[in-house]
Number of protein chains: 2
Amino acid sequence: MSEITKHASPSGRPSRRMEPGKAALTRSAILDAGSQFLESRPFRELTVGGLMAATKYSRATFYLYFNDLHGLLETLLDEVKGGIVEGAQAWLSNEGDAVSGLQNSLRSLVDVGYEHGTILKAVSDAAPSDARLEHVWETFLSSFDEVVSARISRDQAEGFTPEFDPLLVARALNRMDAGFLIRAFGSHPKAEKESVFSAISHIWLATLNPFDTQTLDGFKSNGSAENS
Amino acid sequence: MSEITKHASPSGRPSRRMEPGKAALTRSAILDAGSQFLESRPFRELTVGGLMAATKYSRATFYLYFNDLHGLLETLLDEVKGGIVEGAQAWLSNEGDAVSGLQNSLRSLVDVGYEHGTILKAVSDAAPSDARLEHVWETFLSSFDEVVSARISRDQAEGFTPEFDPLLVARALNRMDAGFLIRAFGSHPKAEKESVFSAISHIWLATLNPFDTQTLDGFKSNGSAENS
DNA sequence: CAGTTGTTCTAACAGAATGTCAGAAATCAC
DNA sequence: GTGATTTCTGACATTCTGTTAGAACAACTG
């Protein structure tokens, strides 16, 4: 979806054998080296030369598998995408009550952020310097806007959620998630998961379900960072 | 504060005459050209050569006044800083009631965002590619975290605001503002001011002043985008 | 106005990274 | 082994960056 695998079938017909495939291995090796690099250093310090020095291949080889460093990030992002959408599903469809469904979704969002924070930060860092990656990233973020907005509309119709422009509020909340999670988990040392969840969760609930008992409970007593 | 003005006094003593100053003019001309460029095109397309072609000076001249393109952005950001801090002052000190004070602050924040959106986007775009600018930008954002957090703590002590970790919630809300405003006003066509204010305002109020009458009013009737 | 001084600017250079391409090397099929 | 295919590399052209030595200019001084 992201990068054109140039070597899949150089001539028209499909290559006879498609086993582990040496090419696939090389590609993986490059992706791994990239992932690992970004675990400890920012995207701006990543160069094709430096990256390939960490593999047993030459610099030119990189261009056989990716158009450029942004292309590599695009691939890395694809690998993360799955997890996020999946975890949020519960709330987005109407399963369970709104509040705890939302909490579950946010919980899993925080989990993914914690897990893949450095990749997300790298993509968000790299996006502004490349039109194509910027578009991919923006589309990725926007996709949440639409689906969250839809859920808000439903809750508004039911009277669970106050009236306001669902799309804009969804967009604001999603930008908050992105910015806050990347800030919290984008580089080491990572923030504490539970406090991050607690803060985000408060804001979403206060905004979307201010009348709900659970939300109000959270307001009266202490719903923030547990005595860690 | 941001860039070293190398030519101010090349020898130790201050230069005798400091009138319009030809150097200052040149510097301004470059800043203007930069501003104007960013009004219509993203930072990634800005090069020193291209920038200086829009002035009557040579490429090398650029380096007499700025270290690099990031340095130029740092200067541009400085010019915007003032306006933001100023507008928020009302709420941050305790003048008037919390809710309308907050609304005023947010209103003026949205104004500044609308006014200087393209610069803010450029800085936020450029920051990840330069350690120094990244630090400046991060410090800029964090400065709001602290001061907002302080105000929240006060309101919590008074019982106006629910209990939660003030710093983390402040950070999340501020990241939301930054991301959302840049998204809304960072490039043309700009979003509608009033709707943006309305959305942001809703979230802040719901989070910080859920018990307040004005907030609750906003919840019952329609507080979002006025029939423009 | 000719000399002196300091300021402002530029042409030319050296370096770092990118992306391409012709062909070398490895691998496979028979 | 030999030929075909896949995988890889050295070498090149390009683009942008940041520096430096000195040219052009302006202003004041005697």
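Labels below follow one simple rule: chain letters A, B, ... track the order of the sequence lines, proteins then strands, and each chain is numbered from 1.
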- State whether A:E194 and A:R107 are salt-bridged, where the test is any N-O pair (Lys NZ or Arg NE/NH1/NH2 against Asp/Glu carboxylate O) under 4.0 Å. yes

- Query: Which whole-number value in Å describes the distance from B:D130 CG to D:dC16 P?
  - Reply: 19 Å

- Query: Around B:E45, counting heavy atoms of other residues, nucleotides and ligands shown, do more than 12 lie under 6.0 Å from its CD?
  - Reply: yes

- Euclidean distance, atom CG of residue B:L69 to atom P of D:dG18 [Å, nearest integer]: 7 Å

- Phosphate OP1/OP2 of C:dT8: any B:T26 side-chain N/O under 4.0 Å: no

- Round to a whole Å and report the spacing from CG of B:N67 to C1' of D:dT19. 13 Å

- Nearest-nucleotide pick for B:Y65, side chain only, options being D:dT17, D:dT7, C:dC9: C:dC9

- Item | Atom-pair distance (CG on B:D68; P on C:dA16), nearest Å | 17 Å

- Message: Under a 4.0 Å threshold between the charged nitrogen and the carboxylate oxygen, would A:R175 count as salt-bridged to A:E138?
- Response: yes

- Message: Please report the interatomic distance CD(A:E74) to CG(A:N67), rounded to the nearest 0.5 Å.
- Response: 8.5 Å

- Integer-rounded Å distance: D:dT17 P and B:H70 NE2: 10 Å

- Query: Do B:K81 and B:D78 have side chains that get closer than 4.5 Å, going by heavy atoms?
  - Reply: yes

- From CZ of A:F66 across to P of C:dA17 the rounded distance in Å is 20 Å

- Hey, does A:L46 reach any base, or is it just sugar-phosphate, or nothing, if we go heavy atoms under 4.0 Å? nothing

- B:H70 and B:F43 aromatic ring geometry - parallel, tilted or perpendicular at 30°/60° bounds: tilted

- Message: Between P on C:dT18 and CE on A:M52, what's the gap in Å once rounded to a whole number?
- Response: 12 Å

- Message: Quick one, A:V80 and A:V123 - any side-chain contact, counting heavy atoms below 4.5 Å?
- Response: no

Check nucleotides 9-13 of chain D for protein N or O atoms closer than 3.5 Å to its own N or O atoms and list the pairs.
from: D:dT9; atom 1: OP2; to: A:S58; atom 2: N; distance (Å): 2.5
from: D:dT9; atom 1: OP2; to: A:S58; atom 2: OG; distance (Å): 3.2
from: D:dT9; atom 1: OP2; to: A:T61; atom 2: OG1; distance (Å): 2.8

- Item | Distance, rounded to the nearest Å, where A:L25 contributes CG and D:dC8 contributes P | 9 Å

